[in-house]
Amino acid sequence: KAESDASFTAQAGLPAPALMAAGPQAPAMTAAKGLREEVLRSFERNHVFPEGASQEVRESVPRIVRGMLSNISLDKLQRIAGCMKGVIVVPGGRSPTALAPFAGLPPDKLSELDREWRHLGGCAYRFPDGSFMVLIKEKYGGWISESTVIHELGHIVHLCGLTGSQKELVEKIYAEQEREGAYRNGPFEYFAQNTALWFQNGSQWVRDDVKMYYLLEAVYGSSREIAQ
């Protein structure tokens, strides 16, 4: 099994797992765990919910975000925290342009977002300062699409969390898939769609795409469970 995994990892163009150095590491691990928890909580403080949002929505967003990012490496997590403001749930039938985080946008940006939002269930919105916010449309009846949250957060992981070599690998894998006729919608959607599959019972399908499988495992860890 170990030899098989190493072989697949090599095929994916990923580095072999490093052996853990010998010696006591408990203090450093404890400190890293504390820092990780601090970063995850900072996301939760920045989520924005509409007035009257259901308890289910208020609990779902932090649960999904924490579930996705809890096993990601600390350096990636810190890079994501440096560029993502949080998740904002937009009430059904309303435009995000009416909400406080967008008050300072110039009129042309507001008009563009308002026009595009009508056709979206969510998006990873980039502000002029380069920071991002994940926008999720609240469905009538007070619920949100978990797959949409995962997909849009996958864009943030791609843009802010991946290393340069990992981004290049995504481009390379996508180009191979495109030549085979499997994808036509670009590397960013490719990564986000595979991220959603990774966490939502599509791991066997992703496994058939060996290089992407091992890249996602390197990014998100081996666990694909988001607690309910």
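Note that these values count all heavy atoms, side chains included, but never hydrogens, waters or copies made by symmetry. Owing to the predicted nature of the structure, the values given are computational and were not obtained by experimental measurement.
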- Note on the structure: Rounding to 0.5 Å, atoms CZ (Phe132) and CD1 (Ile156) come to a distance of 5.5 Å

- Item | Non-hydrogen side-chain atoms of Phe127 and Leu105 separated by less than 4.5 Å | yes

- Listed once per pair and sorted, the salt bridge (charged side-chain N to carboxylate O under 4.0 Å, His left out) pairs that draw on residues 81-101, sequence neighbours left out: none

- Message: On a heavy-atom basis, which atom in Glu138 and which in Pro50 lie closest, and how many Å separate them?
- Response: OE1-CG, 3.7 Å

- Answer whether the closest heavy-atom distance between the side chains of Ile136 and Val61 falls below 4.5 Å. no

- More than 12 non-hydrogen atoms from neighbouring residues, nucleotides or ligands closer than 6.0 Å to NZ on Lys109, yes or no? no

- Query: Does some side-chain heavy atom of Val157 sit less than 4.5 Å from a side-chain heavy atom of Leu69?
  - Reply: yes

- To the nearest 0.5 Å, what is the distance between CZ (Phe199) and CD1 (Ile64)? 11.0 Å

- With sequence neighbours left out, write down each residue that passes disulfide bond (SG atoms under 2.5 Å apart) with Cys160, or none if nothing qualifies. Cys83

- Does any pair with a residue in residues 41-53 pass salt bridge (charged side-chain N to carboxylate O under 4.0 Å, His left out), and if so which ones, sequence neighbours excluded? Glu37-Arg41, Glu44-Arg66

- Could you tell me which non-hydrogen atom of Pro101 sits nearest to which non-hydrogen atom of Met133, and how far apart they are? CB-SD, 4.2 Å

- Query: Atom CD in Glu146, atom CE in Met68: separation rounded to 0.5 Å?
  - Reply: 10.0 Å

- Message: Could you go through His151 and Glu189, starting from their C-alpha distance and side-chain angles, then the distance that decides it, and tell me whether this counts as side-chain hydrogen bond (donor to acceptor under 3.5 Å, both in side chains)?
- Response: CA-CA 9 Å; His151 179 106; Glu189 286 301 313; 3.0 Å; yes

- Kindly work out whether a path of hydrophobic side-chain contacts (I/L/V/M/F/W/Y, heavy atoms less than 4.5 Å apart) joins Leu135 to Val149. no

- Can you list every salt bridge (charged side-chain N to carboxylate O under 4.0 Å, His left out) pair that touches residues 167-183, not counting sequence neighbours? Glu176-Lys211

- Message: Rounded at 0.5 Å granularity, tell me how far CG in Leu40 sits from CG in Leu77.
- Response: 5.0 Å

- Query: In the single-linkage hydrophobic clustering (I, L, V, M, F, W, Y; side-chain heavy atoms under 4.5 Å), do Leu120 and Ile88 co-cluster?
  - Reply: yes

- Once you round to the nearest 0.5 Å, how far does CZ of Arg79 lie from OG of Ser73? 6.5 Å

- Query: Should Gln193 and Asn185 be marked as a side-chain contact (heavy atoms from CB on, under 4.5 Å) after you check the CA-CA gap, both sets of side-chain angles, and the distance that decides it?
  - Reply: CA-CA 10 Å; Gln193 288 170 359; Asn185 53 1; 2.9 Å; yes

- Query: Are the side chain of Arg58 and the backbone N or O of Phe49 linked by a donor-acceptor pair below 3.5 Å?
  - Reply: no

- Task: Write down the atom of Ser95, the atom of Asp114, and the distance for their closest heavy-atom approach.
- Result: OG-OD1, 2.9 Å

- Heavy-atom closest contact (Arg36 atom, Ser70 atom, distance): NH1-O, 3.2 Å

- Message: I'd like to know if the side chain of Thr163 reaches the main chain of Gln166, judged simply by a donor and an acceptor atom lying under 3.5 Å from each other, with no hydrogens or angles considered.
- Response: yes

- Message: Quick check on the hydrophobic clustering: are Val219 and Tyr214 connected, directly or via other members, by side-chain heavy-atom contacts under 4.5 Å?
- Response: yes

- Do Val134 and Val65 pass the side-chain contact (heavy atoms from CB on, under 4.5 Å) test, and can you show the C-alpha distance, the side-chain angles, and the key distance before you say yes or no? CA-CA 11 Å; Val134 172; Val65 173; over 6 Å; no

- Message: Ser60: which residues meet the side chain to side chain donor-acceptor pair (under 3.5 Å) condition with it, sequence neighbours left out?
- Response: none

- Message: Please evaluate residues Val170 and Leu162 with respect to the criterion side-chain contact (heavy atoms from CB on, under 4.5 Å), reporting the C-alpha separation (whole Å), side-chain torsions for both, the decisive distance (0.1 Å), and the verdict.
- Response: CA-CA 10 Å; Val170 172; Leu162 298 191; 4.0 Å; yes

- Message: Within this structure, what is the CG-CE distance for the pair Leu216 and Met212, rounded to the nearest 0.5 Å?
- Response: 5.5 Å

- Item | Polar side-chain atom of Glu152 near backbone of Ala124 as donor-acceptor pair, under 3.5 Å | yes

- Item | Check against side-chain contact (heavy atoms from CB on, under 4.5 Å), Gln78 and Leu35 | CA-CA 9 Å; Gln78 290 175 310; Leu35 182 55; 3.3 Å; yes

- Those residues at least two apart in sequence (or on a different chain) that pass ring pair (Phe, Tyr, Trp, His ring centres under 6.0 Å) with Tyr174 are Tyr190

- Geometric class of the Tyr213/Trp198 ring pair [parallel <30°, tilted 30-60°, perpendicular >60°]: perpendicular

- Query: Do Val90 and Val57 sit in the same hydrophobic cluster, where Ile, Leu, Val, Met, Phe, Trp and Tyr count as joined when their side-chain heavy atoms come under 4.5 Å apart?
  - Reply: no

- Item | ILVMFWY cluster, Leu99 and Val89 together (side-chain gap under 4.5 Å) | no

